[in-house]
Amino acid sequence: MSRGSDPVAGSGPPLPASFYARATDAVARDLLGRFLWRRLENGRAAGGRIVETEAYFGPGDPGSHARRRTPRSAIMYGEPGRAYVYFTYGMHYCFNVVAHEPDGVGAALIRALEPLADLEGMAERRGKAVRGAGGQLKDKLLCSGPARLTQALAITRALNGTDLTAPPLWISGSETVPDRVVTVTPRIGLRTGADLPARFIITDSPFLSR
DNA sequence: GTGACGATAATCT
DNA sequence: GATTATCGTCACA
């Protein structure tokens, strides 16, 4: 970021749909270091730098919702560059970007952000869990997990299917981080056997989910 | 610091 | 009826 003092403007225009029309794991890898932004009802923008992602594939990937085509997973069979937001465990939303080659299936789960803009708003939406003794803000707890970041950015199922190449929810950033700062690990939270090495992290980030 | 557990409802078999 | 791409809290060390 370099232009002016507004982090949103300084991070450049939204990534085009073509960015997402590539192999799912390549997109998940290349999302590291980019910026996720959310324009809120009050006009403010909340956002952060993507530091952790996972790739979920289509039929043949037992850990993926899209291992079968169902009403919920159909969006992963559709147009790249749209949001896939689902509700789980009776209380949490998770945010994915539909990403795959032509006629492919898949999406990249955004698992953690380094919070950059509207930290106070994030803290309000996240609730008391992000405050320590004396009301001190624990910024590591704002966006370090897939359900935490959706709460911090006010992402709900109302945004399922939205186009990510324009507000109110978009990703920007023109730089691809170098391989030397990236680590690949097994995916998290799945039944063993489905935990493919398809989790991508910025190795030394303090804002990872674990 | 670590590990167990319950919350809570959409989704699918 | 079972499962779940999670998180916060509470023990205990």
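Letters A, B, ... are given to chains in the order of the sequence lines, protein chains preceding strands, and every chain is numbered from 1.
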Intermediate values then yes/no, side-chain hydrogen bond (donor to acceptor under 3.5 Å, both in side chains), Thr183(A) and Thr203(A): CA-CA 6 Å; Thr183(A) 300; Thr203(A) 311; 2.7 Å; yes

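Aromatic stacking of Tyr89(A) on dC7(C): not satisfied for centres closer than 5.5 Å together with planes under 30 degrees.
Across all strands shown, Arg67(A) has no heavy atoms under 4.0 Å from either base or sugar-phosphate atoms. When heavy atoms are screened at a 4.0 angstrom cut-off, Gly189(A) is found touching the sugar-phosphate backbone but no base atom.
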Only Watson-Crick and G-U wobble pairs with both distances less than 3.5 Å should count. Give DNA chain B in dot-bracket notation, marking inter-strand partners with |. |||||||.||||.

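Here His65(A) and Tyr86(A) bring their ring centres to under 6.0 angstrom of each other.
If you measure from atom CZ of Arg210(A) to atom C1' of dG1(B), you get 16 Å, rounded to the nearest angstrom. Straight-line distance from the CG atom of Leu196(A) to the C1' atom of dA5(C): 12 Å, rounded to whole Å. When the P atom of dT11(B) is taken as reference, atom NE2 of His92(A) falls 16 Å away, rounded to whole Å. Atoms CG (Leu149(A)) and C1' (dA5(C)) sit 12 Å apart, rounded to a whole Å. Straight-line distance from the NE2 atom of His65(A) to the P atom of dA10(B): 15 Å, rounded to whole Å. Atom CZ in Arg68(A) sits about 13 Å away from atom C1' in dT11(B), given to the nearest Å. Going from atom OH of Tyr93(A) over to atom P of dA10(B) covers 9 Å, rounded to whole Å. In this structure, Phe95(A) atom CZ and dT6(C) atom P are separated by 16 Å, rounded to whole Å.
Applying the 4.0 Å criterion to OP1 and OP2 of dA10(B), one finds that Arg157(A) has every side-chain N and O outside that range. In this model, the phosphate group of dT4(C) is approached by a side-chain N or O of Arg191(A) to a distance below 4.0 Å at OP1 or OP2. Arg126(A) has a side-chain polar atom (N or O) that falls below the 4.0 Å cut-off from OP1 or OP2 of dG8(C).
Side chain of Asn96(A), nearest nucleotide from dT8(B), dA5(C), dT6(C): dA5(C). Here dG8(C) is the nucleotide among dT6(C), dA7(B), dG8(C) with the atom lying nearest to any side-chain atom of Arg148(A). Picking from dC12(B), dA5(C), dC7(C) the nucleotide with the shortest atom distance to the side chain of Thr70(A) gives dC12(B). Of the candidates dA7(B), dA5(C), dA10(B), the closest approach to any side-chain atom of Phe87(A) belongs to dA10(B).
Formation of a donor-acceptor pair under 3.5 Å by the Arg67(A) side chain with backbone atoms of Ser64(A) is found in this model. In this structure, Arg111(A) contributes its side chain and Pro146(A) its backbone to no donor-acceptor pair below 3.5 Å. Between the Arg49(A) side chain and the Pro115(A) main chain, no donor and acceptor come within less than 3.5 Å of each other. Glu175(A) places no side-chain N or O within donor-acceptor distance of the main-chain N or O of Gly33(A), the cut-off being under 3.5 Å.
When each of Glu54(A) and Ala129(A) is assigned the nucleotide of DNA chain C with its nearest heavy atom, Glu54(A) is the one assigned upstream, toward the 5' end.
Look at Arg22(A) and Asp30(A) and you find a salt bridge, because one of the NZ, NE, NH1 or NH2 atoms lies within 4.0 Å of a carboxylate O, short of that distance.
Partners of Asn160(A) according to the side-chain contact (heavy atoms from CB on, under 4.5 Å) rule, which considers only residues two or more places apart in sequence or in another chain, are Ile75(A), Tyr84(A), Val85(A), Arg157(A).
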